[in-house]
Every structure is written in C-alpha cells, then in structure tokens.
Asker: 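My questions all concern the structure below.
So that the names make sense, note that chain A is the first sequence line, chain B the second, and so on, each numbered from 1.
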There are 2 protein chains.
Amino acid sequence: MNNITIVVAEASYLIQKGLEAVLKNLGDNQVVQKMDKAEGLFESLSTLKPNILILNPDLFEGNTELIKKCCAKLKACKLVIISNKKGDEGKYDEDALLHYNDGQSKILACLEGVKDELDRKQKVERSDEPISAREKNILKHIALGLTNKEIADKLFISIHTVVTHRKNITQKLGIKSVSGLTVYAILNNLIAMDEVK
Amino acid sequence: MNNITIVVAEASYLIQKGLEAVLKNLGDNQVVQKMDKAEGLFESLSTLKPNILILNPDLFEGNTELIKKCCAKLKACKLVIISNKKGDEGKYDEDALLHYNDGQSKILACLEGVKDELDRKQKVERSDEPISAREKNILKHIALGLTNKEIADKLFISIHTVVTHRKNITQKLGIKSVSGLTVYAILNNLIAMDEVK
DNA sequence: GCTGCAATACCAATATGTTGGTATTTATAT
DNA sequence: ATATAAATACCAACATATTGGTATTGCAGC
C-alpha cells in the first residue's frame with residue numbers, strides 16, 4: 001500500500017474538511033495541501049507532486065485552459081473536479097466529477113474509483129490478510145479485556161504463545177491499539193459490547 | 001464542559017463530513033446522527049435529544065413550518081441552519097446561519113458561538129456526572145487508542161497529569177481494561193467506532 | 001517429499017501502563 | 001472565609017505490552 005498524496009483546491013471550508021475526512025477514511029491517503037484560491041496552485045503542484053488534485057473550476061472562474069495546464073503539469077496526477085454548479089456534465093471526465101450535493105454512495109464510489117485506478121497504475125497489490133481461527137480467539141480475549149497471562153491460563157498455552165499470536169494479529173490487521181482491536185472485534189462479531197469487563 | 005450531542009440533517013455528504021470534522025476539532029462534541037433526508041428526523045430528535053441540530057431547510061423544501069416544529073420539539077436544542085442558497089438572509093437567525101461557500105473564519109466563529117452559548121446554559125445543570133468533563137476528554141483519547149504520551153502532547157499537559165486523570169477515571173468507573181473503557185466511551189457517545197485507529 | 005502455514009514456545013530489550021502516594025493552584029459552593 | 005473539587009505535576013516501584021528475533025511440530029496442498 002503506497003501513500004497517496006492529495007491537493008485540494010476548493011473555496012468552501014466545509015467541503016474542504018468533508019473531502020479531507022472522507023479521504024482519511026479511504027485508506028493510506030494524505031491531504032498535503034488545501035487552498036481556497038488559485039494563486040500558488042501551480043507552484044504547489046510542482047513542489048508537492050501530489051497523486052490526486054481535487055479542484056473546483058470556480059477557482060479559475062471556469063477557464064478550462066488553466067485546468068488543462070494543471071493536468072499537463074503532472075503525469076502521475078489524477079484530476080477530480082468538485083463543483084457547485086449544474087451543467088458541468090460533459091465538460092469533464094464523468095468518472096471523476098463530483099457535486100456539492102452528491103450523497104455518500106456517489107462520493108465514495110468516485111473517490112474509491114480514482115484511488116483504485118491509481119493503485120492499479122502503481123502496481124500496488126493489496127492482499128486481504130485474514131487472521132486464523134486461533135488468532136480470532138486470542139483477539140476475542142484481548143477485546144474482552146484479559147491480559148496476556150490471563151489468556152494463556154484460560155487457553156492452557158504459554159504466555160509466549162499469546163504474545164506471538166498478538167504480534168501476528170496486530171501485524172496482519174495493522175491495528176496496534178487495544179481500543180482499535182476492541183472495535184474490530186465488535187464490528188466482526190467476535191464479541192458483544194456487554195461482554196466486556 | 002459537558003459533552004454536546006449534535007444531529008446533522010444535510011443532504012450533501014461532503015458538507016456532512018466537513019461539519020463533522022470541524023465540530024470534532026471544536027472540543028467535546030459528538031455528532032450522534034447524520035441524516036440526508038427529512039424522514040425520521042422528528043423521531044431522532046425525540047430519542048436522541050441532541051443539544052444542537054444543524055439543518056438544511058432544503059430537506060423540507062423550504063417549508064418553514066416544519067422547521068419551527070423542530071424547534072418546538074426540544075427546548076435545550078440550538079438550531080443551526082446550513083444552506084446552499086442565496087437569499088436566506090433574514091429568514092433565519094443570522095448568528096446561526098451558514099452557507100456552503102463560507103470560509104473558515106465564518107464557519108468557526110458561528111459554531112464556536114453556538115457552542116459557547118450552550119456551555120453557558122449547561123454550566124448550571126450538571127451534577128450527577130460520574131466523571132468530570134476533562135476526564136471524559138481524556139477517556140475519549142484513551143478509547144481512540146492514543147498512548148498517555150500522545151494524549152499529553154495533544155492536550156499540552158504533562159504525562160503525569162494524564163496518568164492521574166486515568167487513575168481517577170478507572171477508579172470512578174470501576175473499569176480497568178482499555179477495551180472496557182473503549183466500550184464505555186462508545187456507549188456514552190464519547191467516540192464513534194469508526195474514529196478508532 | 002517438499003513447501004508453506006498455523007500453532008506452539010522461548011528470549012531479551014524496550015516501551016508503556018498501573019498504583020499509591022504528595023502537592024499546588026484555581027474556581028465554586030456553603 | 002473556608003471547605004471542596006478539579007486540573008495540574010511529580011516520584012517510585014511494579015506490571016504488562018511491544019517488538020524482533022529463533023525454533024519445533026503437525027498438517028494440507030502440490
């Protein structure tokens with residue numbers, strides 16, 4: 001999984017923040033710069049070399065030449081258009097065209113699509129790394145609030161084994177905090193909230 | 001500072017997410033529900049009893065009677081209007097009126113104002129709280145998976161202070177394990193499951 | 001039969017959390 | 001004005017978790 005860098009050029013603060021929040025949840029992304037006017041955009045693209053540029057054409061007052069100039073500036077950069085106006089359909093790549101009023105599914109589908117495209121280009125293969133049945137059981141006990149020693153005693157194994165399982169679990173899931181593991185266990189029906197001590 | 005619960009009723013997913021992000025940074029808030037249509041709103045207000053309702057009038061297609069009905073439903077609830085249209089000025093309380101295109105300063109000033117107003121109101125009525133507001137905030141960060149040191153750095157306090165708060169929290173609540181504290185935080189709307197890392 | 005994975009066990013170094021103290025400052029309530 | 005509570009800070013001893021190793025066994029698939 002490569003880290004994807006993103007520049008957001010959008011006047012509305014709430015839209016900026018919304019995009020940032022959505023992108024953060026979408027994976028290993030990073031919004032490296034937010035701008036609310038066109039000045040300095042070209043310079044930012046040159047220095048930051050982002051993988052994605054999310055741009056509101058209003059910043060250029062609709063001047064499509066400038067937008068094309070943006071694209072030309074960077075090969076590995078995917079352009080996403082975010083607009084508050086009707087009637088932009090057809091002017092831009094529909095796969096990467098968002099509107100202020102779009103709902104969750106549209107937004108997520110678009111951004112995930114763009115991200116997948118980039119992932120494919122970068123030949124980043126993401127393999128699902130499921131945890132084994134034994135590891136699930138260990139995780140369950142972690143999420144229930146037991147210590148390594150308590151788990152070892154309950155399962156009649158050495159504490160070293162528990163530590164090893166725990167190591168593998170955190171590595172496979174990419175979750176290192178106990179609270180994160182707890183939420184994972186809840187969401188994957190390994191435990192119920194009322195079982196936790 | 002009590003925990004403030006918020007319902008966001010807004011069709012645009014990005015605006016939803018943007019508001020959520022801004023509110024999260026504003027302090028001890030929690031967006032307890034987001035909705036993108038008017039159905040179920042009254043029910044949510046009744047059951048969740050939020051402190052703030054952020055509403056886009058477009059959900060009611062401009063029917064101001066329904067909006068007033070919202071207000072009437074809850075005394076301790078402050079209404080914030082979020083709109084994508086020009087010409088709403090004067091129709092609503094200007095202190096609590098936002099537009100899609102507003103910049104950072106306007107947005108923050110408005111939401112901080114609303115929050116301060118609520119804080120002042122609530123200062124009187126809090127009494128039977130098991131843990132203090134500060135402790136709630138610490139607990140929130142514990143449940144999010146931060147270490148004591150990370151919490152100390154984020155809140156600009158010593159790690160000793162965090163340890164002390166943590167001691168008091170576990171004693172007051174009688175919950176020792178991190179997973180237990182995490183579940184408590186989820187059940188008490190201090191965090192949402194998808195915030196945990 | 002070889003390969004790879006899962007489960008088991010162990011070690012050592014380091015990091016982080018726990019517990020039981022003390023103590024100061026500020027704000028609020030009686 | 002004074003008692004109380006909350007937030008802050010610190011210490012020391014101890015407990016527990018994390019990380020990066022190594023190693024053995026058994027089992028399933030090729």
Side-chain angles (χ1 to χ4, degrees), chain A residues 125 127-185 188 190 196-197, chain B residues 1-3 27-28 116 119-185 190 196-197:
Chain A
E125 51 194 77
S127 58
D128 279 332
E129 290 167 302
I131 56 176
S132 71
R134 187 57 155 178
E135 284 163 349
K136 266 189 195 167
N137 192 27
I138 302 282
L139 172 54
K140 187 174 124 183
H141 287 87
I142 295 171
L144 289 175
L146 304 198
T147 66
N148 288 342
K149 178 157 192 334
E150 288 169 338
I151 298 171
D153 290 346
K154 197 171 172 192
L155 301 182
F156 305 107
I157 55 179
S158 155
I159 189 173
H160 304 292
T161 310
V162 179
V163 167
T164 301
H165 281 312
R166 201 161 174 159
K167 232 185 324 189
N168 295 331
I169 291 166
T170 52
Q171 272 165 16
K172 284 183 181 176
L173 296 182
I175 302 172
K176 59 176 195 175
S177 70
V178 180
S179 46
L181 293 172
T182 305
V183 169
Y184 179 93
N188 288 272
L190 299 181
V196 184
K197 299 167 176 50
Chain B
M1 256 206 289
N2 261 11
N3 190 41
D28 230 4
D116 284 351
D119 277 347
R120 254 174 280 122
K121 267 188 196 162
Q122 291 198 342
K123 239 172 194 168
V124 200
E125 51 187 87
R126 51 134 180 77
S127 55
D128 55 335
E129 296 290 339
I131 57 176
S132 72
R134 189 56 158 179
E135 284 163 350
K136 267 189 194 168
N137 193 27
I138 302 282
L139 172 54
K140 188 173 120 185
H141 286 88
I142 295 171
L144 289 176
L146 303 199
T147 66
N148 287 342
K149 179 159 191 331
E150 288 170 336
I151 298 171
D153 289 346
K154 196 168 171 197
L155 300 183
F156 304 107
I157 56 179
S158 156
I159 190 173
H160 304 291
T161 310
V162 179
V163 166
T164 302
H165 281 310
R166 202 162 173 159
K167 233 184 323 189
N168 296 332
I169 291 166
T170 51
Q171 274 166 16
K172 284 184 183 175
L173 297 182
I175 301 173
K176 265 177 65 171
S177 69
V178 180
S179 44
L181 293 173
T182 306
V183 169
Y184 179 93
L190 299 180
V196 184
K197 273 295 120 192

Asker: Within residues 173-181 of chain B, find the residues that approach DNA chain C with a heavy atom at under 4.0 Å, and present them sorted by residue number.
Answerer: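 B/K176 - these, ordered by number, are the residues of the stretch whose heavy atoms sit under 4.0 Å from the strand.
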Asker: May I have the distance from A/N137 (atom CG) to C/dA6 (atom P), rounded to whole angstrom?
Answerer: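 Checked: the CG to P distance equals 16 Å.
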Asker: Rounding to an integer number of Å, can you tell me how far A/L146 CG sits from D/dT16 P?
Answerer: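 Checked: the CG to P distance equals 13 Å.
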Asker: As a test of understanding, state which of A/H165, A/K172, A/K140 forms a side-chain hydrogen bond (donor to acceptor under 3.5 Å, both in side chains) with A/E135.
Answerer: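 So, applying the side-chain hydrogen bond (donor to acceptor under 3.5 Å, both in side chains) to A/E135 and each of A/H165, A/K172, A/K140, only A/K172 qualifies.
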Asker: B/F156 CZ to D/dT8 P: how many Å, rounded?
Answerer: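 Between P of D/dT8 and CZ of B/F156: 13 Å.
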Asker: Quick one, B/E150 and B/D153 - any side-chain contact, counting heavy atoms below 4.5 Å?
Answerer: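 B/E150 vs B/D153: side chains apart.
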Asker: Identify whether any heavy atom of A/S132 sits under 4.0 Å from a base atom; if not, whether one sits that close to sugar-phosphate; answer base, sugar-phosphate or nothing.
Answerer: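 Result for A/S132 = sugar-phosphate.
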Asker: Have a look at B/T147 and say if it touches a base, only the backbone sugar-phosphate, or nothing, with a 4.0 Å heavy-atom cut-off.
Answerer: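 It contacts sugar-phosphate atoms only.
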Asker: Please give, in whole Å, the distance from C/dT8 P to A/I157 CD1?
Answerer: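 In whole Å, C/dT8 P and A/I157 CD1 are 5 Å from each other.
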Asker: For A/V178, which of B/L181, B/V178, B/T182 qualifies under side chain to side chain contact (heavy atoms under 4.5 Å, CB included)?
Answerer: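 Single pass found, and it is B/V178.
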Asker: Taking the side chain as every heavy atom from C-beta outward, state whether A/T161 and A/R134 have any pair of such atoms under 4.5 Å apart.
Answerer: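 Answer no - side chains too far apart.
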Asker: Output the distance between atom NZ (B/K154) and atom CD1 (B/I151), rounded to the nearest 0.5 Å.
Answerer: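 The distance works out to 9.0 Å.
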Asker: Let me know, please, whether B/H160 or B/E135 comes out on the 5' side of the other along DNA chain D by nearest nucleotide.
Answerer: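 Upstream on the strand: B/E135.
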Asker: Does a side-chain N or O of B/N148 approach OP1 or OP2 of C/dT16 to a distance below 4.0 Å, or not?
Answerer: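 False: B/N148 side-chain N/O out of range (4.0 Å or more) of C/dT16 OP1/OP2.
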Asker: Which whole-number value in Å describes the distance from B/I159 CD1 to D/dC11 P?
Answerer: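 That distance rounds to 12 Å.
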Asker: Write out a two-atom table: protein N or O, nucleotide N or O from nucleotides 20-24 of chain C, distance below 3.5 Å.
Answerer:
unit_1, atom_1, unit_2, atom_2, d
C/dG20, N7, B/K167, NZ, 3.0
C/dG20, O6, B/K167, NZ, 3.4
C/dG21, O6, B/K167, NZ, 3.1

Asker: Evaluate the side-chain proximity of A/I138 to A/H141: yes if any heavy-atom separation is below 4.5 Å, no if none is.
Answerer: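 No - every pair of side-chain heavy atoms lies 4.5 Å or more apart.
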Asker: Would you say that more than 12 heavy atoms from the other residues, nucleotides or ligands in this model lie under 6.0 Å from the NZ of A/K149, or not?
Answerer: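 Counting other residues, nucleotides and ligands, NZ of A/K149 stays at 12 neighbours or fewer.
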Asker: Measure the shortest side-chain to side-chain distance between A/N188 and A/L139 over non-hydrogen atoms and say whether it is less than 4.5 angstrom.
Answerer: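 Result no, sub-4.5 Å side-chain heavy-atom pair not found.
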Asker: Check whether any side-chain N or O of B/N137 sits under 3.5 Å from a backbone N or O of B/A133 as a donor-acceptor pair, and report yes or no.
Answerer: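 No, the answer is negative, given that no donor and acceptor are paired below the 3.5 Å cut-off.
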Asker: Can you tell which of D/dA17, D/dT8, C/dT8 lies closest to the side chain of B/T161?
Answerer: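 Looking only at heavy atoms from C-beta outward on B/T161, the closest nucleotide is D/dT8.
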Asker: In whole angstrom, what separates A/H165's NE2 from C/dA9's P?
Answerer: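 Rounding to the nearest Å, NE2 of A/H165 and P of C/dA9 are 8 Å apart.
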Asker: Nearest whole angstrom, please: distance from the P of C/dA9 to the CG of A/D153.
Answerer: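 Taking atom P of C/dA9 as the reference, CG of A/D153 is at 12 Å.
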Asker: If you compare every side-chain N and O of B/R134 against the phosphate oxygens of D/dT8 (OP1, OP2), does one of them come in below 4.0 Å?
Answerer: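 For B/R134, the contact criterion (side-chain N or O under 4.0 Å from OP1 or OP2 of D/dT8) is met.
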Asker: Tell me the interatomic distance from B/N168, atom CG, to D/dA7, atom P, rounded to whole angstroms.
Answerer: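 In whole Å, D/dA7 P and B/N168 CG are 9 Å from each other.
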